[in-house]
Enquirer: 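Handing you this structure, nothing more for now.
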Amino acid sequence: MDPIYHTYLQIPFLNFIVSIIMIVGFYYLGSLIFLNKSLNKIFSSISHLKYQKVLISVNLILFFSYPIILFTNHGGLLLKLISFSILMLGLVKIFLKFKSKFKIKKYSDYEIYLVFFLLFGYFLISIAPPTSADSLDYHLYVAKILEDLGKYPETLNHFTSIIAGSGEILIAIGLNVGSEQLSSIIQFFGLISLLGILKKFNKQNIYILIVFSSPVLIFLISTLKPQLFHICSNAFVFALLLKNFYLNKFNLKDNLSFLVFSFIFIIVSIQAKFSFLLSSFILGFIILFYSYKKKILFKSIITGLIFLIFFYLPPLVWKFNIYGGDFYELFYSPITSNIHGHAEFKQMLQNVGKRLSYLWIIFPVSLRDLTQTLGLSSLFVLYLYKVGHSKNTLFIFAIIFFISVSVAIGQNTARFFLEPLIWTSLILSHSAKLVINKHIKYIIYLQCIPTILMLFYGVSTLSPSILTNNLRDKVMNEKALGYSFFQWVNYETKDLKDKIIYFHRSVGLSPDVSKVVPSDFRYYIFPELEKARLIFDDIKKIDPKYAAFYDFQDVKVYKKCLVKLYKKKEQIGYHATRNPLAKGNSYDGFIYEINVSLMPECINLKETKWKN
């Protein structure tokens, strides 16, 4: 069976080379943006500009492209224009050569070696093809629709697509030019931005290691999920405020530029992933205090309102026009609750990790969850009491408020507490007189060892896939959820022109998403209820003629909806996972002809877990 590729470029190593050229292009675009003297002055106040060039160029592209794609019919053309423009910028920069010459330096401080090994490992794992479950589900699926159709999906049957945002634009930009791992490499460059700030704030590398040794970074960098990059973008705004709150280095023009780019970063983060609403709200609150102190409060409020009306509200209006419901609900929720199943879906998102103790954020529940924790770095939040003087009060209060709200209503997962950890590291590193006890440092040094070992295990099992087609296919079969299933289904249905409803979440693995009908709605609805008919009417309108199953339990549920068996294969594969301690069992594959016009009456409720 043929391997599954996400782009027209089916040579893995060339795919990697294109990704690097694209990163160089973003870097060069950032260099051009920083020709603006005011921006140069603002950004260089907390970091050397070379660390921030990718950060600013990516944020600006997302900021301007997202509303255009939502509200025009030229999204596909715009994405291609951006993709090939960045590619050309990268080629031009390489042709002109880098101006800086890299020299190998000798260091006596072993902390710098720990930083190097961690960074090198994060980079190597970021260049592997997407294998995480969410990446192969809605992140890649939505990006392929953007690439093919130039717009976001508008169907009711795929709930996870509804929470997609501007982050999928980055994936689509990569796919346009043959790069499937561009988004994960950009997540890595979020860390580079943070590195630049921490290096400028303090020469002690322990503050870098507090963040970089956290095991959850392995998970965040090895995925297409647009989270780590925007965590670091918001950290940049936090650092700007922390550094300049009590200084008067900026004139009026500088402060207005400061406000504009802070609002851009904040809005882009929320549009990429709605969970950034909390940190963005906190940063907006601090910006008001900053504006009052700089005597530009009125200008700040007007600027904020302009950004709110012209850049934040339009995506909400788009979503309201598609899905209806209570418009005001979209200010505090990624979806409205008017459609049956949406409330249950939101509840599922909020309840992630709630069954576990919050100690899970520090210590893994089991060896299987090692990359789902912040580790012992979390304990450095307690160090804030040593720097609790008046200049840090507002920022420490922001961290306490963030943690309190997250505990009360947020997800109980480490990645949602990574922001306060980074903000803590920024405050501590900015406090020049603080001395970290050497015995406390040893805790972080010890944490670096398992993190580095896990990193290089991931590198050894995932990253070789960029070298040859055979290695890529082997890695994907072993590590990518549903790869063998979709490989088989793609092969058996390649000559079919009809749509297929998939009872497997990794719909991004389909080479032709125009034929894909996802079915994750089935986890959140009660089919017998009248209000569920809206979902089934949408499926009837799409009218898939085939259904692909990997779980025979689903076959029993929909048995009366099925016309006849089209293809079957036993032992098609096993439930692949990147975690060596969580390998699943084998399963069979089934492809049936289906008559969706019989839904929902044909569904066997006795075989479901949805009984109302």
Side-chain angles (χ1 to χ4, degrees), residues 62 66-67 69-71 133-135 137-143 145-146 151-169 224-227 230 267-281 308 311-354 405-406 408-411 413 415-416 505 507-508 516-527 529-539 541-542 610:
L62 292 180
Y66 187 49
I69 291 170
L70 286 179
F71 291 100
D134 280 353
S135 295
D137 180 11
Y138 68 102
H139 295 306
L140 194 55
Y141 172 73
V142 171
I145 290 178
L146 284 171
K151 63 178 184 179
Y152 283 83
E154 299 175 4
T155 57
L156 304 178
N157 56 290
H158 195 208
F159 285 13
T160 49
S161 286
I162 302 173
I163 62 174
S166 63
E168 281 65 33
I169 292 174
L224 298 179
K225 187 184 293 291
Q227 189 163 4
H230 297 287
I267 287 176
V268 169
S269 68
I270 301 174
Q271 291 176 344
K273 194 168 180 63
F274 192 80
S275 58
F276 286 106
L277 182 65
L278 174 59
S279 59
S280 297
F281 170 79
L308 178 71
F311 295 102
Y312 183 72
L313 285 182
L316 304 189
V317 172
W318 178 86
K319 192 170 284 190
F320 176 74
N321 288 336
I322 300 299
Y323 301 106
D326 182 358
F327 179 73
Y328 297 105
E329 188 178 2
L330 292 173
F331 281 89
Y332 58 86
S333 170
I335 57 175
T336 54
S337 303
N338 61 305
I339 295 175
H340 178 51
H342 280 195
E344 290 77 8
F345 177 60
K346 287 197 296 182
Q347 192 66 42
M348 180 277 296
L349 293 175
Q350 292 173 353
N351 286 343
V352 172
K354 288 294 186 184
V405 173
S406 295
I409 61 175
Q411 289 188 3
T413 58
R415 64 182 185 270
F416 287 95
R505 67 173 301 193
V507 288
V516 172
V517 182
S519 65
D520 70 344
F521 67 90
R522 70 190 192 277
Y523 298 118
Y524 311 106
I525 68 169
F526 296 99
L529 298 182
E530 182 63 28
K531 56 187 177 180
R533 288 191 174 272
L534 181 66
I535 304 290
F536 292 108
D537 287 344
D538 187 56
I539 294 173
K541 183 179 177 182
I542 300 169
W610 304 317

Enquirer: Answer yes or no: is there a donor N or O on one side and an acceptor on the other, between the side chain of E168 and the main chain of G165, under 3.5 Å?
Expert: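 At least one qualifying donor-acceptor pair exists.
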Enquirer: Going by salt bridge (Lys or Arg N to Asp or Glu O under 4.0 Å), name the residues that satisfy it together with D520, two or more places apart in sequence or in a different chain.
Expert: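 For D520, no residue satisfies salt bridge (Lys or Arg N to Asp or Glu O under 4.0 Å) once neighbours in sequence are set aside.
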Enquirer: Using only atom types and a distance under 3.5 Å, with no angle test, would you say the side chain of S280 pairs donor to acceptor with the backbone of I270?
Expert: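 Not a single qualifying donor-acceptor pair exists.
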Enquirer: What are the two closest heavy atoms between I525 and A532, and how far apart are they?
Expert: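 In terms of heavy atoms, the two residues are closest at CD1-CB, 4.5 Å.
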Enquirer: Considering all heavy atoms of both residues, which atom of Y312 and which atom of Q271 are nearest to each other, and what is their separation?
Expert: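 Residues Y312 and Q271, closest heavy atoms: CA-NE2, 4.1 Å.
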Enquirer: What pair of heavy atoms forms the shortest contact from L224 to S135, and how long is it?
Expert: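 Shortest heavy-atom separation between L224 and S135 comes out as N-OG, 2.9 Å.
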Enquirer: Which residues pass the side chain to side chain contact (heavy atoms under 4.5 Å, CB included) test with F71, sequence neighbours left out?
Expert: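 Once residues adjacent in sequence are excluded, the partners of F71 under the side chain to side chain contact (heavy atoms under 4.5 Å, CB included) criterion are P314, W318.
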Enquirer: Quick one: does H340's side chain have a donor or acceptor within less than 3.5 Å of a partner on I535's backbone?
Expert: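 It does not hold such a pair.
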Enquirer: Check side chain to side chain contact (heavy atoms under 4.5 Å, CB included) between F320 and all other residues, then give those that pass, not counting sequence neighbours.
Expert: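 Side chain to side chain contact (heavy atoms under 4.5 Å, CB included) check on F320 returns F327, L330.
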Enquirer: Once you round to the nearest 0.5 Å, how far does CD1 of I69 lie from NZ of K151?
Expert: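 I69 CD1 to K151 NZ: 13.0 Å, rounded to 0.5 Å.
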Enquirer: Would you say the rings of Y152 and Y66 are close, in the sense that their centroids are separated by under 6.0 Å?
Expert: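 Ring centroids of Y66 and Y152 are less than 6.0 Å from each other.
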Enquirer: Between L534 and I339, is there a side-chain heavy-atom distance shorter than 4.5 Å?
Expert: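 Of all side-chain heavy-atom pairs linking L534 with I339, at least one is under 4.5 Å.
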Enquirer: Does the N157 side chain pair with the main chain of P518, one donor and one acceptor, at a distance under 3.5 Å?
Expert: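 Indeed, once roles are kept as given, a pair shorter than 3.5 Å links the two residues.
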Enquirer: Of all residues at least two apart in sequence or in a different chain, which pass the side chain to side chain contact (heavy atoms under 4.5 Å, CB included) check with D537?
Expert: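 For D537, the residues satisfying side chain to side chain contact (heavy atoms under 4.5 Å, CB included) (neighbours in sequence not counted) are R533, K540.
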Enquirer: Would you call D134 and R505 a side-chain contact if the rule is heavy atoms closer than 4.5 Å?
Expert: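 Yes, side chains in contact.
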Enquirer: State whether the number of non-hydrogen atoms from other residues, nucleotides or ligands found under 6.0 Å of F281 atom CZ is greater than 12.
Expert: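 Atom CZ in F281 is not crowded, with 12 or fewer foreign heavy atoms closer than 6.0 Å.
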Enquirer: From the options V517, D137, V142, V516, select the one residue that forms a side-chain contact (heavy atoms from CB on, under 4.5 Å) with H158.
Expert: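 Going through the options one by one, the only one that passes is D137.
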Enquirer: With a 3.5 Å distance limit and no angle check, can you tell me whether K319 reaches the backbone of I162 through a side-chain donor-acceptor pair?
Expert: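 Indeed, once roles are kept as given, a pair shorter than 3.5 Å links the two residues.
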Enquirer: Judged by atom type as modelled, is there a donor-acceptor pair below 3.5 Å linking the side chain of D538 to the main-chain atoms of L156?
Expert: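 Judged by distance alone, yes, a pair lies under 3.5 Å.
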Enquirer: So, taking the atom named OG in S519 and the one named CD1 in I539, what distance separates them when rounded to the nearest 0.5 Å?
Expert: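 Result: 8.0 Å between the selected atoms.
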Enquirer: Please check if the distance between the ring centroids of F159 and F521 is under 6.0 Å.
Expert: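 So the answer is no for these two rings.
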Enquirer: Nearest 0.5 angstrom please: F416 CZ to S279 OG, how far?
Expert: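 F416 CZ to S279 OG: 10.5 Å, rounded to 0.5 Å.
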Enquirer: Nearest heavy-atom pair of T336 and G324: which atoms, and what distance?
Expert: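 Looks like OG1-O, 3.1 Å.
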Enquirer: Rounded at 0.5 Å granularity, tell me how far NE2 in H230 sits from NZ in K225.
Expert: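 Answer rounded to 0.5 Å: 12.5 Å.
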Enquirer: Return each pair, listed once, that meets salt bridge (charged side-chain N to carboxylate O under 4.0 Å, His left out) where at least one residue sits in residues 328-344; pairs must be two or more places apart or across chains.
Expert: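 Passing the test, one end in residues 328-344: E329-K346.
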Enquirer: To the closest 0.5 Å, what do you measure between CD (E154) and OH (Y323)?
Expert: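 It comes to 7.0 Å.
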Enquirer: So which heavy atom on S166 is nearest to which on L62, and how close?
Expert: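 So the two residues come closest at O-CD2, 3.3 Å.
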Enquirer: Could you pull out the closest heavy-atom pair between P226 and F276, with the gap in Å?
Expert: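 Heavy-atom minimum between the residues: O-CE1, 4.2 Å.
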Enquirer: Residues two or more places apart in sequence or in another chain: which of them pass side chain to side chain contact (heavy atoms under 4.5 Å, CB included) with A343?
Expert: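 Listed in chain order: S337.
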Enquirer: Could you state the interatomic distance from CZ (F345) to OG1 (T160), rounded to the nearest 0.5 Å?
Expert: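 One gets 6.0 Å once the value is rounded to the nearest 0.5 Å.
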